[in-house]
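All remarks here apply to the structure that follows.
Atoms within a ligand are numbered from 1 in the order they appear, just like the ligands themselves. Sequence positions, counted from 1, serve as the residue numbers for this chain.
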Amino acid sequence: MKKGLRSRLAQYGDEEFALFLRRGFLKGAGFTDDALDRPIVGILSTASDFNPCHKTAPQVAEAVSRGVRAAGALPFVFPTVSLHEAFSFPTSMLLRNLMAMDVEEMIKTLPLDAVVLIGGCDKTIPAELMGAISADMPAIVVNVGSMLAGRHEGVRLGACTDCRRLWASYRAGSLEGPDLDRAHDQLMPTSGTCMVMGTASTMAVLAETLGFMLPGTASAPAVSSDRWRFAEATGKRAAEMAKTGGPRPSELLTKAALRNASVVLQAISGSTNALVHLAAIAGRAGIAYDLKELDDVGRSTPVLLDLKPAGNNFMEDFHAAGGLPTLWRRLKSHLDLSAKTVSGETIGDVIARWPGYVDDKVIRPLDNPLTPSEAIAILTGNLAPGGAAIKLAAATPALFQHEGPAVVFDSLEDLEKRVDDPALNVTPESVMVLRNAGPIGAPGMPEAGALPIPKKLGSKGLKDIVRMSDARMSGTAFGTVVLHVSPEAAAGGPLALVRDGDTIKLDVRGRRIDMKVDDAELARRRAQWKPPALPARGYLRLYSERVTQAENGCDFDFLSGLK
Ligand code: FES
């Protein structure tokens, strides 16, 4: 296979001319022949003024380039789609597959021998991994790193767990506008990704666990010197990979690596969004992500990482406590230590060489966990034949076994219009149901699953109520919230048939979510159901026609490697 500038030449029917032209343009940009004969490392940058989480991406790319050059290869930085949670209408999830296509196609079209993927904000690392796995080019991830925690009137604050907490207090009338404004300035005090165990931190930790990052990289803060050193070391390793041609993603993404990811996801009490992303990532390698295995390992995996929203600390504390390899060491008996990492070592090798220091307050010992088990559980039942998820670590144990009447919202617009209506027939015993907010229905499966507590209940101090939907939930949110109900309502799932007042039973112990409506009545309702109209054109049309359900990762069926 041709390497460096000789690879993937534009097709003019004359390869030597194509190379002559390509080199000519680069000579025009000031490159010497010596530089142009070296292996090439592409550095995929997600810098964008619309992505404040990635404000330091150019500096990360610069440090990676330094490492690439020091190791004798030639770095080229190139852009892709960049997604920020708060700058993506209607939701960044809608565009994750577009970014994954961009990543895959750019990797396949450019003359690269290896690629460094700079990611961070929630959907970026999943999209990068999906694209790189499909391209099967030697690839290594470096995240931009997390923000430092904020400080406000003696309290440490973190995006976005405290954004939600403060906003809920403001909605309930217990926090005045000027107080909210002052706290607002400290919620995101530096650049970087959200510094709690939200989706960005979860996916960085899982990318490292899957073997795609140099060990220790995930937890380094965005504005730390460690961040630049990891970036430089990533560039150096990428240059070696460009020379040797491996490891390729297909060598790293095995069933053992995915099981390890499930163990770590439970032990960090990570974001439920990871279930959808892991399914999509695994699907690109033709592996069906095993949700049953995730539930099984959860029953015996303690939550060891004491980070918000489940605990008290922040990513910078995780880093100072020893970082991910220290957590792996604590979980040694739960992990497959033979799984490979991009460094060339196995997880077991990394554990053996990693410094022994650990801060027990942040990375808890097995005999003193934050919670003994079951951070995330998978449910089935007549409401979710394809499965549903619940983050028990962020829920109210008193609601784990619950029966109550449904209060149904037909769409996000309906929810917004009626949730604070004083006439809404809702009590603390109700089960709030949101539908048509799934992959096809919204479309894009927005993070709307943590429905707001209706004002009439919140103002009386109610903090939690059972909620269920075909939507997702932010990793920084909390509540007794059943998510990812599949099949979704817009695909004709049973969620479409629920009516106000139906009794819904949540049975966490039995891992079920059911509605108590007899089959004849359900058949009557089904006969009246009509599928929603699909968007008329463009990417939205493609998305709605070809997106898969949550258990298959919401990837496009024609991109997934699943048969
Ligand atoms: Fe970018 Fe939270 S919004 S990581």
- Message: I need the Leu392 CG to Ser269 OG distance, nearest 0.5 Å.
- Response: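 So the CG of Leu392 and the OG of Ser269 are separated by 9.0 Å.
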
- Query: Between atom CZ of Phe230 and atom OG of Ser225, what is the distance when rounded to the nearest 0.5 Å?
  - Reply: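 If we round to the nearest 0.5 Å, Phe230:CZ and Ser225:OG are 10.0 Å apart.
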
- Message: Quick check on atom 1 (Fe) of ligand 1: does Cys53 put an N/O/S atom closer than 2.8 Å to it?
- Response: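 Looking at Cys53, which is the residue asked about, there is an N, O or S atom under 2.8 Å from atom 1 (Fe) of ligand 1.
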
- Message: Report whether any nitrogen, oxygen or sulfur of His84 sits less than 2.8 Å from atom 1 (Fe) of ligand 1 (N, O or S, backbone or side chain).
- Response: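 Short answer: no, not a single N, O or S atom is under the cut-off.
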
- Considering all heavy atoms, the nearest Asp470-Glu488 contact: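 Of all heavy-atom pairs spanning Asp470 and Glu488, the closest is OD2-CB, 3.5 Å.
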
- atom 2 (Fe) of ligand 1 - nearest protein heavy atom and its distance: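 Here the nearest protein heavy atom works out to Cys194 SG, 2.2 Å.
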
- Please check if any side-chain donor atom of Thr209 sits under 3.5 Å from a side-chain acceptor atom of Asn260, or the reverse.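 No pair is found: no donor N or O on one side chain lies under 3.5 Å from an acceptor on the other.
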
Under 4.0 Å from a heavy atom of [X]: which atoms of ligand 1 are those, numbered in the order shown and with their elements?
X      : result
Cys121 : 1 (Fe), 3 (S), 4 (S)
Ala200 : 4 (S)
Asp122 : 2 (Fe), 4 (S)

- Message: Using salt bridge (charged side-chain N to carboxylate O under 4.0 Å, His left out), reason through Arg171 and Asp420 one step at a time and then give a plain yes or no.
- Response: CA-CA 10 Å; Arg171 265 179 61 86; Asp420 289 334; 2.9 Å; yes

